[in-house]
Amino acid sequence: MSKPNLRKLMENLGQKLQRWPLEEWSSLILVMVPIALLFCWGLDFHNLRRGEETNLVESAHYWWTALQDSGFTPTSLFENLGRSPLPIWLISLSQLIFGPGLWGDRLLGALLNGASLPLLYWLGKELYGRSLPALLTVVVYGTAPTVVYWARVASINSFVLPLTIACLASALFCRRDLRGGLPLGLTLSALALTNLPTAILLFAAGLVFLHWDTPRLKSSSLFWFGLVLGLLPAIAWWVTHSLLPQQELVNAMVVISGSPWPLNFRGWLWLLVSSPGLIFALQAFPQAQKALPWSWARFLLCQGGVYGMLVIISPWASTSLVMPLLVVLALAAGLILAEIRQGASTLVYPPWWRRFFLTLAGLTALGAIAIYFSYGQGNLASWTAQEGVLTILVLILLALTLAMTSLLLDRQRPEFINVLFWGLFVCLFLVIYTPLSYLPPRSLLDVIVSTVPTTNQITGGVALCKMAKNSTMGQPFNCFD
């Protein structure tokens, strides 16, 4: 891009930012700074999770050590990387910049997720043409327990989430500028080097949306040239990767699972965990079916409905496939909450909302009681007294938040939005100091790996992967799911 064009682009961007009122800027800061702090605070409080996080961090360290010992060669871009090279490269870079240790392993992923929040706001504003739905989208997304969990660990999903936001934003940008094909191709390339099935399904759903909403792109050579050019890095890597002889470590890193849950089921469980905020999105899809001439309706139906169907019928089993639905459901929930905020006097809340939150409040209270008696009987011997008390207090606070939300919904009061999401934020921040942040169960293979010395984790992982492959009759399991 020439200097005059770049100068003109920066001037246009500056003019657009100046048109944002002071109230909008202050709202953005008030929302995004606490969420970004939630992503980055206390990353070293808990050890690496057994399974995906340990495998990724150890693989990044192994790859960087091998690179230092033997020097850089073209094959260094393919050796000891498995089928998710970009997370390993980025975690290696994070360890190099921030130093070894838990902070260095996790901080770059947390920063990327925090940096994606302004892009998510732009995505919502571009989609709806208003600032309030975009702001509430960021609130719903940033307080989703699934997003907070994956943003705080070194995992494939911690990179899939911001790349999904970038991909969806690039797809919307293509509607107004044919040069948007290049950033769309580049984000899809990055996603393909992180989790190839997710990139394929997002690409398919994105093409359906663009074909429906902007038919002129079909005949635009500039758009297709930029898209193909952006996809070249991923195509080149995967083609070369398939031609090179695979090492034992590379083969082994794609056959071990990190959880006892079936992969097809685990992804939907992660959506269920974030249901307190995402539940409002269900109200948006019937509205979208009645507003098909609008781009936002087509976007939700394609990126939510079409993509969800592709996930269900796809032959791949990966929790990463479900992560893009978190972004789309947050966008849909932001629209409904904005309508409630602006038209609370005319909109009648569905009665099942109240029952849903009341049921969650009861289950949370029962969980607090169960932990109290289990700790009193010595069943949680590894917990300290402080951890036990703080965990019970967090569950009680969450139960009160959900119960108050149910009460306000029953009275048709829009203040439930403030109560629910500020309550979720406080609970998620306090959860960092409790064992609940290490809640996902460990599988038998994780327990076996935990007995392997740190210096031998890679070798032990190879042996365990062979055991897993034999025990599953040769069916491949993804090590990083």
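Treat the numbers as computed from the prediction; the structure is a model and nothing was measured.
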Visitor: Identify, with sequence neighbours excluded, every residue that meets side chain to side chain contact (heavy atoms under 4.5 Å, CB included) alongside Ala361.
Guide: Leu402, Ala403

Visitor: To the nearest 0.5 Å, what is the distance between CG (Leu102) and CG (Leu107)?
Guide: 11.5 Å

Visitor: Given Ser274 and Thr146, is the side chain to side chain donor-acceptor pair (under 3.5 Å) satisfied, shown in steps?
Guide: CA-CA 6 Å; Ser274 299; Thr146 301; 2.8 Å; yes

Visitor: Look at atom NE2 of His61 and say whether more than 12 heavy atoms of other residues, nucleotides or ligands are closer to it than 6.0 Å.
Guide: no

Visitor: What heavy-atom pair brings Ile91 and Ala154 nearest, and what distance separates the two atoms?
Guide: CD1-CB, 3.9 Å

Visitor: Could you check whether the rings of Phe416 and Tyr349 sit parallel, tilted or perpendicular, using 30° and 60° as the cut-offs?
Guide: perpendicular

Visitor: According to side-chain hydrogen bond (donor to acceptor under 3.5 Å, both in side chains), does anything in residues 95-108 pair up with another residue at least two apart or in another chain? List the pairs.
Guide: Asp44-Trp103, Glu53-Arg106, Gln95-Asp105

Visitor: Taking the inter-plane angle between the rings of Phe421 and Phe280 on a 0 to 90° scale, is it parallel (under 30°), tilted (30 to 60°) or perpendicular (over 60°)?
Guide: tilted

Visitor: I'd like to check the salt bridge (charged side-chain N to carboxylate O under 4.0 Å, His left out) partners of Glu387; sequence neighbours left out, ordered by chain and number.
Guide: none

Visitor: Calculate, to the nearest 0.5 Å, the distance between atoms OH and CH2 belonging to Tyr149 and Trp270 respectively.
Guide: 5.0 Å

Visitor: Filter on side-chain hydrogen bond (donor to acceptor under 3.5 Å, both in side chains), then keep only pairs touching residues 323-334, sequence neighbours left out; what's left?
Guide: none

Visitor: Tell me whether the count of non-hydrogen atoms from other residues, nucleotides or ligands lying under 6.0 Å of CH2 in Trp89 goes above 12.
Guide: yes

Visitor: Sort and list the pairs that fulfil side-chain hydrogen bond (donor to acceptor under 3.5 Å, both in side chains) and have at least one residue in residues 392-410, not counting sequence neighbours.
Guide: Arg354-Asp410

Visitor: For Met32, give me all partners under side chain to side chain contact (heavy atoms under 4.5 Å, CB included), at least two apart in sequence or on another chain.
Guide: Leu28, Leu117, Pro118, Tyr121, Val138

Visitor: Quick one: does any side-chain atom of Asn113 pair with a main-chain N or O of Gly109 as donor and acceptor, under 3.5 Å?
Guide: yes

Visitor: With a 3.5 Å cut-off and no angle check, do the side chains of Thr54 and Arg49 form a donor-acceptor pair?
Guide: no

Visitor: Are more than 12 heavy atoms, taken from residues, nucleotides or ligands other than Phe356, located less than 6.0 Å from that residue's CZ atom?
Guide: yes

Visitor: Rounded to the nearest 0.5 Å, what separation is found between the CD1 atom of Ile371 and the CG atom of Leu366?
Guide: 11.5 Å

Visitor: With sequence neighbours left out, write down each residue that passes salt bridge (charged side-chain N to carboxylate O under 4.0 Å, His left out) with Arg411, or none if nothing qualifies.
Guide: none

Visitor: Do you know the tightest heavy-atom contact between Gly180 and Phe173?
Guide: CA-CD2, 3.6 Å

Visitor: Just verifying a value: how many Å separate Asn55 CG and Ser155 OG, rounded to the nearest 0.5 Å?
Guide: 12.0 Å

Visitor: Can you tell me if Thr137 uses its side chain to pair, donor with acceptor, with the backbone of Gly124 under 3.5 Å?
Guide: no

Visitor: State, with a plain yes or no, whether a side-chain heavy atom of Glu415 is found less than 4.5 Å away from one of Met404.
Guide: no

Visitor: Is there a donor-acceptor contact under 3.5 Å from the side chain of Ser275 to the main chain of Leu272?
Guide: yes

Visitor: Closest approach of Pro435 and Thr391, non-hydrogen atoms and distance?
Guide: CD-OG1, 3.5 Å

Visitor: So, for Leu86 and Ala190, which heavy atoms are closest and what is the spacing to 0.1 Å?
Guide: CD2-O, 3.3 Å

Visitor: Listed by chain and number, what are the ring pair (Phe, Tyr, Trp, His ring centres under 6.0 Å) partners of Phe39, not counting sequence neighbours?
Guide: none

Visitor: Side chains of Ser320 and Thr198: any donor to acceptor distance under 3.5 Å?
Guide: no

Visitor: Got a donor-acceptor contact below 3.5 angstrom from the Tyr141 side chain to the Leu120 backbone?
Guide: no

Visitor: What distance separates Tyr372 OH from Ile396 CD1, expressed to the nearest 0.5 Å?
Guide: 10.5 Å

Visitor: Return a table of donor-acceptor pairs under 3.5 angstrom between the side chains of residues 161-171 and protein atoms on other chains or two or more places apart.
Guide:
unit_1 : atom_1 : unit_2 : atom_2 : d
Thr164 : OG1    : Val160 : O      : 2.8
Ser170 : OG     : Ala166 : O      : 2.8

Visitor: For Phe299, enumerate each residue passing the ring pair (Phe, Tyr, Trp, His ring centres under 6.0 Å) test, keeping only those at least two apart in sequence or located in another chain.
Guide: Phe209

Visitor: If you compare all heavy atoms of Ala399 against all heavy atoms of Thr364, which two are closest, and at what distance to 0.1 Å?
Guide: N-CG2, 3.9 Å

Visitor: What residues, two or more places apart in sequence or in another chain, satisfy side chain to side chain contact (heavy atoms under 4.5 Å, CB included) together with Phe285?
Guide: Leu300, Leu301, Leu329, Ala332

Visitor: Pairs in or reaching into residues 417-431: which pass side-chain hydrogen bond (donor to acceptor under 3.5 Å, both in side chains), with residues at least two apart or in two chains?
Guide: Arg341-Asn418

Visitor: Kindly give the heavy-atom pair with the smallest separation between Asp213 and Ser295, and that separation in Å.
Guide: OD1-OG, 2.7 Å

Visitor: Verify whether one side chain among Tyr433 and Trp41 offers a donor that lies under 3.5 Å from an acceptor in the other.
Guide: yes

Visitor: CG of Leu172 to CG of Leu127: how many Å apart, nearest 0.5 Å?
Guide: 5.5 Å

Visitor: For Gln303 and Arg298, does a side-chain donor sit closer than 3.5 Å to a side-chain acceptor?
Guide: no

